[in-house]
**Student:** 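Attaching a single structure in structure tokens format; questions to follow.
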Amino acid sequence: MKPAFEPAPIEEHWRRRWAQLHLGRADPASPKPSFSIALPPPNITGVLHMGHALNAVIQDSLCRYHRMRGFEVCWVPGTDHAAIATQNVIERQLAQEGTTKEELGRDAFQERVSAWYRTYQGRILEQLQRMGATCDWSRERFTLDAAYVRAIRRVFKDLFDQNLIYRGPRIVNWCPRCRSAISDEEVEYREHQDVFYHVRYRGEGGGEGLVVATTRPETILADVAVAVPPGDQRFQALVGTSVEEPLTKRLIPVIEDPAVDPKLGTGALKITPGHSAEDFEIGERHHLPVLTVISLDGRMIAPGLPDLDGLDAESAREVAASLLRQSGALVREAPLVHQVGHCDRCGAVIEPLVTPQWWVRVAELAAPAHRVVAEGEIVLHPEHFKRQYLDWVAGLRDWCISRQIWLGHRIPVSTCANHHVFAWIDEPSRCPECGDTNLQADPDVLDTWFSSALWPFAILGWPEETQELARFYPTTVLSTGRDILWLWVTRMIMMGLRFTGEIPFHDVILHATILGADGARQSKSKGNVVDPLDMVDRYGADALRAWGAAVAMGTQDCKFDESKVDGYAKFANKLWNMVRLLQHVHFPQGEGRIPGAGESAREELTLADRWILSRLARLTDTVTAAMEDLELGAAIDGIYQFAWRELADWYLELVKDRLAEWDPAALWTTRTALLRTLELLHPIMPFVTDALADQFEGQPDTLDLANWPEAEPAWLDPAAEEGMRGFQQLTAELRSWLQDLGVRFGRNAPRIPIGISTSDDPEMVAAIRDHLGTMVPVTWEEAPADTLEAMAPLVVGGTTVRLTGAAILESPQIRGRMERDLEQVRKLRTRLEAHLAGPFATSAPEEVVERERSRLEEAVRREALLRHALAP
RNA sequence: GGGCGAAUAGCUCAGUGGUAGAGCGCCUCGCUUACACCGAGGAUGCCGCAGGUUCGAAUCCUGCUUCGCCCACCA
């Protein structure tokens, strides 16, 4: 073993080993209980980021844990074609090359896309493997696979035939840059500082009319009414009359509608059903016509007004405003801060437009999706997402699933010359109703999230009744980022319930978003992007994984802190050297596998042995509970503290001499503690733990195949823990004193003589006898308290220790320390006395009161001794 | 506008009723054959503010302040 842990070669070795062992392969015929995860398929829009890495770590840790617990684990990997996202990426590339997809043509564009997919698909899977992911690679899926496409068409056709999918002209979120509709969930609202234009609409025949406030004067051309709050006194006289739309003087009616807020703007709202979602609804209520003055490319259609015709919306706004200004209709301009929708893919401002689109009637799908979460059949983690989910699902509106882009799954619908519209799975050549062969295929493609919604069951072979589906569906856990709870998780639940009759997963982990070190969302333009593979290269995959486990379930988004990754890299090195210590004991010269050791009888164990075993039993319980509760952070914290702060800092230090003498109890206990630690840690840090377990004889090929440790109740030993606690405290105190005295620590340092008088605590007596000289450079003798010169007294539990010798008495450091101690202990004593004199003593539980009493006792004793020692 | 979350050491964060913690950073000392990717010691906190419940509150309740996120048809 090298003196330091070097991740790279070891990781490579173990990745190969796991592959050879087919560690990830899931056998549907296995008799074991099943544990399954559908890997959220990364978009093939580039390489993986920290969010993917974090998610892979969570899932892999859970998979490995369940393998150790004897589950048949099925973790299916795959990738998503991400139509709109990928198209945008390629379009940006083309733009840089000075061309467009239209110039390239459909075929060449498609070729570009396929090449892109080939490159990045491989790279993404390789990245997952670098992080140690043990997916079942033989089951890799892609949302453009033929079988997957059939599943999508089947779902579409069923919904269509059940009248849950319909086509119709309605107002949609239109992205003029993508030239496509997008769903409500793909709109990102951003704050804009705009001008609030107050515009006068004159009454019929030149009356005063009323004033309307708007941010979009260019859409005045499409106004079909002005709405006012019902019963509003200010407008009562005008209701039922008409006013002049101020650009072309068309007469439009003044109506009343409860959706109008009297406090906003002027209290009168211009109704533009063609270019506002809210107005569209108001228009429907009042059976108003829809006028459209903006085309699909976002430009004005205003043949009657050459000044406006053909302008983009923003320029048209200024022109319209100046026209209004000239005609005197513009009565006021005020600044306004409000939210404006943007396309979450390309950032363009969304233009609400009325176009024919395909819609899913969501209400019928949403009701069961609401129920399974409300009733706890599906559990969200952290749990506060439950309420958010329920509110959101209850308020769902119909889902626009058609997109007018080039990439994606075609909408499997055709229309014949006789206007029969039908959905299909295999594209037919004639109309099933009239046999007409002149079929028109629907030109649109599906929303990517429509296809992703089927992921958990489509990847297992649905709609075929496969063994995999029977065995591994519903999946056990879904782990994903919070950002796609609405876009994806809810849709999977709706579709899963609808098409399999079952929930798609039992537990949903919504992990934190990883922000840059500056606290901002990671983005290339900000330069705060962390590359997970860079972390693996510099610190090792285990370190990255341990970091991920630690931050996974935070309630807030997580600022990336590289020093934590570094800390876990050091932890791996520490573990490495802990095993190396045992290696050196068995093989002082060369190297070999650490042989097994027979379990030692209880009475052969020292206090330290019993203490570490007791701690180990507790740790086993803690980590097991943490893994069961999906709390990876609690697991890694517990193991880290135990391994470093207890096993390495105390136990191994205490046991070194015994190990050198091949004390059987020490050898067995050390081996047991080390191996157990490796097993508990293996799901989170698989590389270093496998490499280290491999140093021991009799271990399986990988710890994934080991049995998850059971806590040994017989190892629990409260007396040993209490004894060690006292001993640790004594040691720490002595060390501080000695350090104050400038005593040199070290193997060859001169030893300081001290006197100790112990109480009747046999554990403490034994610990001092066996161990004190190992931890602190002292020699000691036991003597009754009153026979020792009262110098520098120190009280720990029932034990009093005094440093002896004239040098100590004269040391100003020690005197200063004692004075500080005295002041502290006096305060403590006073506080405890007051506390115990009050209602606390009668109201608090007996054991809490008892604990305070013994603290008081100790304080009183210390105070007396210190006073005596300091007395002139 | 509504909802959710957060506020703890210089930094990043654990900690859900009983003596305020970790990692990093900082100061002092030490290369003692497991580890200097280490060890020993040390400094550092009105646990955001104000009330309340309780013998006891960082923790539970109420209000407030400040940040973050999500949702929303405020023109």
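Note on naming: letters A, B, ... go to the chains in the order of the sequence lines (proteins, then strands), and numbering restarts at 1 for each one.
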**Student:** Who is the Watson-Crick or G-U wobble partner of B:rG1, with both distances under 3.5 Å?
**Tutor:** B:rC71
**Student:** Should the pair A:R826-A:E823 be classified as a salt bridge under the 4.0 Å nitrogen-to-oxygen rule?
**Tutor:** yes
**Student:** Looking at every non-hydrogen atom in both residues, tell me the closest pair between A:D194 and A:H338 and how far apart they are.
**Tutor:** OD2-NE2, 2.7 Å
**Student:** Suppose we define a pair by two distances each less than 3.5 Å, Watson-Crick or G-U wobble; what does B:rG41 pair with here?
**Tutor:** B:rC27
**Student:** For B:rG15 and B:rG45, measure between their C1' atoms and round to the nearest Å.
**Tutor:** 15 Å
**Student:** How long is the line joining CZ of A:R580 and P of B:rA34, in whole Å?
**Tutor:** 8 Å
**Student:** Which base sits across from B:rU66 as a Watson-Crick or G-U pair, both distances under 3.5 Å?
**Tutor:** B:rA6
**Student:** Would A:R170 and A:E284 pass as an ion pair if we require N to O under 4.0 Å?
**Tutor:** no
**Student:** State, without any angle test, whether A:S183 and A:E186 hold a side-chain donor-acceptor pair at a distance under 3.5 Å.
**Tutor:** yes
**Student:** Under 4.0 angstrom, heavy atoms only, what part of the nucleic acid is A:A648 near: base, sugar-phosphate, or nothing?
**Tutor:** base
**Student:** Both A:W650 and A:F560 contact RNA chain B. Which one's nearest nucleotide lies toward the 5' end?
**Tutor:** A:F560
**Student:** Are A:W737 and B:rG42 close enough that a side-chain N or O sits under 4.0 Å from OP1 or OP2?
**Tutor:** no
**Student:** Could you tell me whether the phosphate oxygens of B:rC38, OP1 or OP2, come under 4.0 Å of any side-chain nitrogen or oxygen in A:K574?
**Tutor:** no
**Student:** Send over the distance from A:L832 CG to B:rG56 P, rounded to a whole Å.
**Tutor:** 16 Å
**Student:** Testing the basics here: between A:Y568 and A:M685, what is the closest heavy-atom pair and its distance to 0.1 Å?
**Tutor:** O-CE, 3.9 Å
**Student:** Could you tell me how far B:rG52 sits from B:rC13 if I compare only their P atoms? Round to whole Å.
**Tutor:** 33 Å
**Student:** Can you tell me the Watson-Crick or wobble partner of B:rU16, both distances under 3.5 angstrom?
**Tutor:** none
**Student:** Kindly indicate whether a cation-pi arrangement holds for A:R735 with A:W650, taking the cut-offs as under 6.0 Å to the six-membered ring centre and within 45° of the axis.
**Tutor:** yes
**Student:** Counting Watson-Crick and G-U wobble pairs only, both distances under 3.5 Å, name the nucleotide matched with B:rC47, or none.
**Tutor:** none
**Student:** Give a yes/no on whether any side-chain N or O of A:S736 is located under 4.0 angstrom from OP1 or OP2 of B:rG42.
**Tutor:** yes
**Student:** Round to the nearest Å and state the distance from A:H586 atom NE2 to B:rA34 atom P.
**Tutor:** 14 Å
**Student:** Provide, to the nearest angstrom, the distance between the CZ atom belonging to A:R538 and the P atom belonging to B:rC37.
**Tutor:** 16 Å
**Student:** Tell me what A:W644 touches on the nucleic acid: a base, only sugar-phosphate, or nothing, going by heavy atoms under 4.0 Å.
**Tutor:** sugar-phosphate
**Student:** Nearest 0.5 angstrom please: A:D542 CG to A:E11 CD, how far?
**Tutor:** 6.0 Å
**Student:** Check this for me: does any side-chain nitrogen of one of A:R853 and A:E850 sit under 4.0 Å from a carboxylate oxygen of the other?
**Tutor:** yes
**Student:** For each nucleotide in nucleotides 15-28 of chain B, reading 5' to 3', give B when a protein heavy atom comes within less than 4.0 Å of its base, S when such contact involves only the sugar-phosphate, and - otherwise.
**Tutor:** ---BB--SSS----
**Student:** Look through every strand shown and name the nucleotide pairing with B:rC60 as Watson-Crick or G-U wobble, where both distances are under 3.5 Å.
**Tutor:** B:rG52
**Student:** In terms of heavy-atom contacts, does NZ of A:K526 have more than 12 from other residues, nucleotides or ligands at under 6.0 Å?
**Tutor:** yes
**Student:** Taking atom P of B:rU33 as reference, at what distance in whole Å does atom CG of A:L659 sit?
**Tutor:** 17 Å
**Student:** Distance check, P atoms only: B:rA72 and B:rC64, in whole angstrom units.
**Tutor:** 26 Å
**Student:** For B:rA34 and B:rG17, measure between their P atoms and round to the nearest Å.
**Tutor:** 43 Å
**Student:** Run through A:D223, A:V224, A:V243 and flag the one making a side-chain contact (heavy atoms from CB on, under 4.5 Å) with A:K270.
**Tutor:** A:D223
**Student:** Write down the distance separating the P atoms in B:rU59 and B:rU19, rounded off to the nearest Å.
**Tutor:** 14 Å
**Student:** Between A:R482 and A:F385, does a side-chain contact (heavy atoms from CB on, under 4.5 Å) hold up when you go through it step by step?
**Tutor:** CA-CA 9 Å; A:R482 279 163 204 172; A:F385 282 108; 3.3 Å; yes
**Student:** Provide, to the nearest angstrom, the distance between the CG atom belonging to A:L647 and the C1' atom belonging to B:rC38.
**Tutor:** 16 Å
**Student:** Whole angstrom is fine here: how far is it from CZ in A:F5 over to P in B:rC38?
**Tutor:** 14 Å
**Student:** I'd like to compare against my own output: the B/S/- annotation of nucleotides 62-75 of chain B with a strict under-4.0 Å heavy-atom distance to protein.
**Tutor:** -------SSSBBBB
**Student:** Nearest 0.5 Å, please: how far is CG in A:L390 from CG in A:L380?
**Tutor:** 8.0 Å
**Student:** If you measure from the C1' atom in B:rC49 to the same atom in B:rC11, how many Å do you get, rounded?
**Tutor:** 24 Å
**Student:** Using whole Å, what does the distance between atom P of nucleotide B:rG3 and atom OH of A:Y389 come to?
**Tutor:** 21 Å
**Student:** Here's a test of your reading of the structure: between A:V579 and A:D649, which maps to the more 5' nucleotide of RNA chain B?
**Tutor:** A:V579
**Student:** Using both distances under 3.5 Å as the test, list the Watson-Crick or G-U wobble partner of B:rA34, or none.
**Tutor:** none
**Student:** Work out how far the C1' atom of B:rC38 is from that of B:rC55, and round it to whole angstrom.
**Tutor:** 47 Å
**Student:** If I pick the P atom on B:rA36 and the same atom on B:rA50, what distance separates them, to the nearest angstrom?
**Tutor:** 49 Å
